[in-house]
A.B. asks: 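The structure's right below; bear with me while I get my questions together.
Atoms considered below: every heavy atom in the structure, side chains included; atoms not considered: hydrogens, waters and symmetry mates.
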Amino acid sequence: MSLFKARDWWSAVLGEGEEFDQGCLCVGDVDNSGSGHDKVVVGSYMGMLRIFSPHASKSSEEVPADAQLLEVQLQNAIIQVELGKFVSCSDLLHLAVLHPRKLSVFSISGTAGNVEHGDQYQLKLVYEHNLQRTACSMTHGTFGGVSGHHSLCVQSMDGMLMFFEQESYSFGRFLPGFLLPGPLVYNPRTDSFLTVSSARQLESYKYETLAVATEAETRQDQDLSVNSGGKRLTPDWVFVLGEQALEVCVPSFSHSSSFIFILGERNLYCLRDNGQIHFMKKLEFNPSCFLPYASVRDGTTNLLLCNHTNMLLVYQDVTLKWAAQLPFVPVATRLANFPELKGVVTSLSSDGHLLCSYMGTDPSFFSTPKVDAREADYEQVEAEMKRLQKLIREATRTQDILPKSMTDEDLTVKVAVSSSMDDPSQALIPDIDGLLIPSITVQVKLKANSVIQTSKLTVSIQPPLAVTQDQFILEPMDIGSSTSVKFSAFLNGRYLPADLKGEITVSYNSPTELNPTGVPKILQSTFTLPLALVCVPSSPAKTTKFKITLDTNQAPVQLSSIFSEFSIKSEDKDGNSLAFQFLPGPKVTLLASKTSQRYRIQSDSFEDMWLVAKELVRRFDQYFSKLGVKDFKKSFSGPLPLQEYFLSVDHHFQLRVSAKQYQDLLSEQAVQFRAIQRRLLTRFKDKTPAPLQNLDTLLDTTYNQVMALADAAEENHTQLEEAFVRLRGSTQLLVLLLSLSQGLTPEQTAILEATLLPLLQDTPQLGWEESCDAAVSHLLRTCLSRSPKDQATSLAHTGAQILGLPRDTDRLKRHISLLCDRIAKGGRLTLASEANVQVPAQVQHLAAPGGIEPIPEVSGDGEDLPQEATKFIKKKHSVKKVRKDKKEESKESSEASVKEGEAADEPRKEKKETKKEPKKDSSSKEKKESSKEKKERDRDKEGKEASKELGDKKVSKKPSAKVKEKKKEPEASED
């Protein structure tokens, strides 16, 4: 931050909500007064053209109105304004205004006023050019060395340079290798144009080269324009910048200066006219704009450089001479001469702050406010310290991830679901196979406890359920005011939803003293739709494929009292059976035993039993809680239907594989389609006609294949969405049965559901199979591991894994089965178990920083050997046993190695034995060390012999069978 501020000489704020950029500011004698004093011309993206004649105001009040000479609203946005001799047969300055699709040249004339209102200025259109392409920027100069008037060059957004000589259009050329437009300037000393291409390099094109190049009626590929007339356009020289340029400037204030200045994102470059670098300066800030100007010292150039920290820096070549603070970030800066002051720095910000300033020496000091020096009340400080420590202890004692909700809410949301269906129904589908689709009304009431601004209500519901309106824009609410909205929910598909719950999300702004505009907040509320929305009563089915039996500890209850709305229309008068005919087609039957306390749910569709099972459990809890039964328990004693569940998993996985195959085929066909198009385009552009060689037929066939694949991929995507919804229903049914069979708590059930349902929907990048497998594997390695030591080892080895579409579902199904088995054996689901496990000392070295595991040294006793080293020793000694029949002299070494392998297989046993052995003296330690060295020498010798034996092809079949059996041993022990 600079010590000095730029002295404010004159300033103005231009409009409200307008935007400005680099080309929106220029200075000069626009009215041709001949006084040599400049006026400031400003154009905005909103189409406002303003002309100012600044002068110092004697009072500190607002800027007087006579400083603004003209303000005109043009029809189109103003991209750039320039002053020059743009009219033939006239030496006066005219104003060129660039619009997106038009180039206009105006004359500004002033008429002396006879009254106190002052002079009057008028804007007259001299001529205009309608552009065929969207303009980006323009430059002007004496193109071709013609003196006396200026020509204009407009750069379009697609890389075409359009040249205009006064009232006539000259020609247009496309820049080679163009991608995005960059800065464009004209160098009058070399009669060339400078631009920065998308390759981040400065390119120079001579006007003569552009004039004789290929005519640009339509944009052509440079590789295909070999046979066209004219010369191919190539730059005269190229300078690689390596970064995108913000602005390029060619100063012409002195005939001796021959430099080109380029302002990059991180560097400032100065080049000579031939493209050789003169100097470069690395910037330590983000620049916004710059302006070279004349220096009093020969051979140097001064620069005004503005950055995004509101600084105005003055450089003499690469030396910083002055720094001043500006009140805003300028996007354009110019030097102007006014009647009262010359060399005024005129700056313009992106939001319309226009400032004329000069360098001053008035320092800006910040003085800290005085504070009342008072003695500290130690009793009060100690009481506050105790209170804060108590809050910290309470916060660290709980392990909740989400913060607790506030007691006083700014907004109260109540959701009420109607008890009866709508008449008439609001469903988009009138019926499915003759069954009418009903709809139900949901009313949301909101009551404000404080001032609420700009609130928005969003309704989210499970597919294929839909609502008549899912977004509501609410009016601002005062304290105590209330409002309500209504919408209808209905089934909008030929399959069942995975859940009947919906969610209401209200986003609003609550104003505070420090933030009057409001602090954004979100409030959520859930509601449950009735089961009657997706099913109707029907006759019970006697034979079904899938059955589930639930047990209770209370006397049997008639189903008519549990499902009263369905029992009225049911055909069963005893109340022991009830059938639900779902609208998409499947039927679920519910049976109650007359003697025992059992209830059976049966259906031909496994996943469709989930809604009935969930509703039965929920209504049982409500029924017995109303009766005051506190020890009500429900359970599931049968085997888990894992094979039925795996059918849904395989179906979903096959659809995902098909989607990947369709995507690959579409990519291949699209590449082929584009290649044929290029071939045909080349044939059509060729001046000498040539036969198409059935390319048109191949193009039509490829197009039909692409469309057929696209339709098949879209249909597969629809089936995949339906399969995922069915998979969610099956998974939730499995979670319910597992929680009932093992008596899981609600917290454990939530962990299990989050593990088996980590995603609410599939994405092309991440699917359910790999997400579920990662979550289940994490539980098996942590809280459901076999022992604390295995858990600590797995935690030390845990690293980031890349999730992707697996080859098959065998691994996932094996892990899910293992998860259910370990929970059935008493495994405890918890998220805090990892933090409570202490990592043993022999495992701590496995988790090295940076994820690199150090290679442990192999000890002679084989006690601390890792698993991989144990495998290697077993395999090596099994090969050693093959050579046992051939060489009897190595018997002793082989026996020693076998003992080591047995020691590696049973490390715990050896550890227990070593605890029982008494301590040995130093002589026994020396013997142990010598035996270690001998064993290492024997191991090296055996390794060489084993490697030779592996290369021998004459090994007998009987020993090889032993080798295979020995290799299988560590794998079996590992499993």
A.B. asks: Measure the spacing between OG of S198 and CG of L175 and express it to the nearest 0.5 Å.
C.D. replies: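 Spacing of OG (S198) from CG (L175) equals 10.0 Å.
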A.B. asks: Consider only side-chain N and O atoms of S730 and S648, and report whether a donor and an acceptor are under 3.5 Å apart.
C.D. replies: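 Per modelled atom types, S730 and S648 side chains form a pair under 3.5 Å.
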A.B. asks: If a pair satisfies ring pair (Phe, Tyr, Trp, His ring centres under 6.0 Å) and one of its residues is in residues 714-745, list it, with sequence neighbours excluded.
C.D. replies: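 Of all non-adjacent pairs touching residues 714-745, those that pass ring pair (Phe, Tyr, Trp, His ring centres under 6.0 Å) are H652-F724.
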A.B. asks: Strictly below 4.0 Å, N to O, side chains only: are E769 and K813 in salt-bridge contact?
C.D. replies: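 Salt bridge: no.
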A.B. asks: Can you tell whether the side chains of D604 and K587 come within less than 4.0 Å, N to carboxylate O?
C.D. replies: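 Salt bridge between D604 and K587, a charged N being under 4.0 Å from a carboxylate O: no.
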A.B. asks: Are K660 and D664 within salt-bridge range, i.e. N to O under 4.0 Å?
C.D. replies: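 Looking at K660 and D664, the cut-off is met.
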A.B. asks: Just how far is it from atom CD of Q677 to atom CG of L695, taken to the nearest 0.5 Å?
C.D. replies: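 Spacing of CD (Q677) from CG (L695) equals 11.5 Å.
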A.B. asks: Measure the acute angle between the ring planes of F546 and F606, then classify it against the limits of 30° and 60° as parallel, tilted or perpendicular.
C.D. replies: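 Perpendicular.
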A.B. asks: Got S817 and F646 here, is their nearest side-chain heavy-atom distance under 4.5 Å?
C.D. replies: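 In contact.
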A.B. asks: Of all residues at least two apart in sequence or in a different chain, which pass the side-chain contact (heavy atoms from CB on, under 4.5 Å) check with P181?
C.D. replies: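 In terms of side-chain contact (heavy atoms from CB on, under 4.5 Å), with neighbours along the sequence ignored, P181 is linked to C136, Q155, M157, F178.
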A.B. asks: Between E607 and R726, does at least one N-O distance fall below 4.0 Å, as a salt bridge requires?
C.D. replies: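 Looking at R726 together with E607, the answer is yes, because their closest N to O distance falls below 4.0 Å.
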A.B. asks: Would you call Y508 and I522 a side-chain contact if the rule is heavy atoms closer than 4.5 Å?
C.D. replies: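 Sidechains of I522 and Y508: no contact.
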A.B. asks: I'd like to check P806 versus F653 (side-chain heavy atoms, cut-off strictly below 4.5 Å). Are they in contact?
C.D. replies: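 P806 reaches F653 side chain to side chain.
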A.B. asks: Considering only heavy atoms from C-beta outward, does the side chain of L642 approach that of C820 to under 4.5 Å?
C.D. replies: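 Counting from C-beta outward, L642 and C820 do come under 4.5 Å.
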A.B. asks: Is there a donor in the side chain of E265 and an acceptor in the side chain of N286, or the other way round, less than 3.5 Å apart?
C.D. replies: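 No.
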A.B. asks: Taking the side chain as every heavy atom from C-beta outward, state whether R133 and D158 have any pair of such atoms under 4.5 Å apart.
C.D. replies: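 Yes, their side chains come closer than 4.5 Å.
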A.B. asks: With the side chain counted from C-beta on, respond yes when Q663 and L665 share a heavy-atom pair under 4.5 Å apart, and no when they do not.
C.D. replies: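 When only atoms from C-beta onward are counted, L665 and Q663 do not touch, as no gap falls below 4.5 Å.
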A.B. asks: Less than 4.0 angstrom from a charged side-chain N to a carboxylate O is my criterion; do R728 and D499 meet it?
C.D. replies: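 No.
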